[in-house]
**Q** 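Sharing a structure below in structure tokens format, with a few things to ask.
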Amino acid sequence: MSAGVSVTGPEVLSGPGGLPGATTAAGRHRKGLLYWRGRRLRPWRFAVLAVAGAYFLVPLWAAFRFSLAYNGTGWSLEAYVDLGSQQGFAPAIWLSAQLAIVATGLELVLMVPTAIYVHLRLPKVKRVMDFVTSLPIVVPPVVLILGVLAVAPEKLKATPFLLALEYVVLAVPLSWRALDAGVRALDVHTLVDASRSLGGGWAVTVLRVLLPNMRVAILSATVLTVALVLGEFTMASLDLQQTFPTWIYVYSQSNGHVSVAAAMLSLFVTWVVLVGVSALAGRRGGREIALV
Amino acid sequence: MTTVSSSEGAGVPGIDLRGGHVRGGTPVVLSELTCVFGSTVALDGFSLDVGPGELLALLGPSGCGKTTALRILAGFQEATSGRVFVDGRDVSSLPAQKRGMGMVFQSYSLFPNMTALDNVAFGLRLRKIGSGERRARAMALLEMVQLADRAGRYPHQLSGGQQQRVALARALAIEPQVLLLDEPLSALDAKVRAQLREEIRALQRRLFITTVFVTHDQDEALTMADRVAVMRGGRLEQVGPPAELYRSPETPFVAEFVGTMNRLPGRLTSAGRVSVLGRELGARGAVGGLGTEVDVLVRPEDLMLSPAPEASGIVTSVTFRGAQSRVEVLLSADLGVKVDVASAKAVALSPGSLVEVELSPACERPLVDKKSSRQAEASGAAPAAI
């Protein structure tokens, strides 16, 4: 046992000869390897944490390490520096960004009013909505895109924005749950009644009362939709569109290091956004639940 | 269905927050309101007049329709039939936002994204009042509810009582014709509730604003209201000043819902008279043939106890309640009564004491009800006191 490991705990004091439930000043300020913030750490918890951490972090570390081994050198950021100058990179990023903006905009226009309306006027439909919004997860993207391509008008098929419509459908399970949780966290009925009694019409009530209080839920739905668009490969590939994920795949055939660097960068940006949303949620004093 | 006339308005003239001039209250009339949800009749021909500047409490058990009546008055709920008049004008078809009624809700209803000041100023902003005046008026209202120093705080930084005070200030900010309170104190602890109860009453009197207050708490209704309307099954049972409701209930339901009531076995002796506990006296509701067995409804304070070694009554408990003590007496296997006696006299009593129970001389014209099945069956030893 290392020095500093406390051996005076409640167990000692509450044993024979000790005072039941009593603690000492030393017990309240326990420090050492087996204690953290006064709580005793259990070895099995360490083990679970270590295994789970390794499961997530080892592949990421391997990918990151691979992206640094550009041109056979051991540690280099060249792959990241060269990213911007790679052929097709900028158009692919731009297309994905456009798709993300359009898909997210449509998603919010469609789902925010739906979530509010269902909670206010059709509470019995919530279970149906939970089921219906799960369907895009159940139906494989391949089936979805092939079905859409078979029936979509030629004019729409000629533009990449057919993909945006498909992404709206694909993001429904994520955005619905984020928005649903956000509306649940509010006493929507009372807030609406309060606003109306003060003279607020529906537009004022929604814009000045409900939406500001659903900010975190809306941000969460936005982040999830953007993350989905930036990472979706199957539909874009079958729709023959060179989005960011398809560019990564195509470019990996010729330069694996750069494509992995692009994937890492995408992951990093997504994480930064998620942390930003969580921080925003925390700054609101925890009134709205963190959804991501 | 009972329609009652307006009261004279028990409040005193108050001052307008803006100009300091005397304001007049607004009369409200609910006429023949019926509201049906599927197979449930929430209101069944409910009518009520509220006088100018009056504070009227809607009192009743859960599901009696009091909140539905309030929501119809506020414009949140549409009545299946019936009309709502405010200041003589039919507002039945007006949406809530155009009725000019301030409302405080049971659950905390402050907008979480706004400070206390912004919450109070919200209604003023919608009325296009300039930011300077808006802020001044909102601050004046926050001062009125003693929360000016919390103006910059968000709802989650305020206690429950403070939130309801801000909600009250917000409702008053729009200078409503009618103030509606939907159980605003029920989520608060007892001490804050008692304090806010007095504050609301004082404010209402000062502003002389017509107020309708929904509650299921009879103490709240009796202590705050000018008049209390007792509801049952979507109908009005009785409306009147608290003392009248307590002393002269018109129906057994009102008698038993407001305060504590004993059911004593009695017998009709002649038209309008009843014999109970060895005394014959005039009674209300005494309809039936000579000798008909009935229940006589008597308040605990209308009974007297006298210790007697040969008496049949056995004291089962004595509860100290300040100046008075509540004594429970078992008169027979299936009949128990509650009696209020001065605590100074109650010290001589203890569980097991033998006592005689008599009607107090102050007991006059008690209400009579048909004999309850519980007593008729004479089964078990459950006390008959309500």
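Lettering follows sequence order; numbering is per chain, from 1. FYI, side chains are in, hydrogens and waters are out, and symmetry mates aren't considered; it's all heavy atoms of this structure.
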**Q** Quick check on the interface: out of B/L126, B/V104, B/L124, who has the most heavy-atom pairs with chain A under 4.5 Å?
**A** B/L126

**Q** At what distance, to the nearest 0.5 angstrom, does CG of B/N113 lie from CG of A/N213?
**A** 4.0 Å

**Q** Heavy-atom count around A/H189 NE2 within 6.0 Å, excluding the residue itself: above 12?
**A** yes

**Q** More than 12 heavy atoms of other residues, nucleotides or ligands under 6.0 Å from CD of B/E78: is that the case?
**A** no

**Q** Is chain A contacted by the side chain of B/A96, its backbone, both, or neither, given a heavy-atom distance below 4.5 Å?
**A** both

**Q** With a 4.5 angstrom heavy-atom cut-off, could you sort out which part of A/T205 is near chain B: side chain, backbone, both or neither?
**A** neither

**Q** Give a yes or no on whether B/F37 atom CZ has more than 12 heavy-atom contacts from other residues, nucleotides or ligands under 6.0 Å away.
**A** yes

**Q** Chain B heavy atoms under 4.5 Å from A/V209: which part of the residue, side chain, backbone, both or neither?
**A** both

**Q** Considering only heavy atoms from C-beta outward, does the side chain of B/I174 approach that of A/S197 to under 4.5 Å?
**A** no

**Q** Quick one: what part of B/F111 sits under 4.5 Å from any heavy atom of chain A, side chain, backbone, both or neither?
**A** both

**Q** For the CZ atom on B/R89, are there more than 12 heavy atoms of other groups (residues, nucleotides or ligands in this structure) within a distance under 6.0 Å?
**A** no

**Q** Give a yes or no on this: more than 12 heavy atoms of other residues, nucleotides or ligands lie within 6.0 Å of atom CZ of B/R83.
**A** no

**Q** Can you tell which of B/G100, B/A171, B/S109 has the highest number of heavy-atom pairs within less than 4.5 Å of chain A?
**A** B/S109

**Q** Side chains of B/F105 and A/D187, heavy atoms from C-beta outward: is any pair under 4.5 Å?
**A** no

**Q** Checking B/L180 against chain A: side chain, backbone, both or neither under 4.5 Å from a heavy atom?
**A** neither

**Q** Which bit of B/M101 is near chain A, if near means a heavy-atom gap under 4.5 Å: side chain, backbone, both or neither?
**A** backbone

**Q** To check you understand the geometry: which heavy-atom pair defines the closest contact between B/S107 and A/T190, and what is its length?
**A** OG-OG1, 3.2 Å

**Q** Shortest non-hydrogen contact from A/A194 to B/R170?
**A** CB-NH2, 3.5 Å

**Q** For each of B/M103, B/R127, B/R99, B/Q106, tally heavy-atom pairs with chain A at distances under 4.5 Å, and name the one with the top tally.
**A** B/R127

**Q** Look up atom CD in B/Q97 and atom CG in A/D193, then write down how far apart they are to the nearest 0.5 Å.
**A** 11.0 Å

**Q** Does atom CH2 (A/W271) have a neighbourhood of more than 12 heavy atoms from anything else shown, all under 6.0 Å?
**A** no

**Q** With a 4.5 angstrom heavy-atom cut-off, is it the side chain or the backbone of B/R125 that approaches chain A, or both, or neither?
**A** side chain

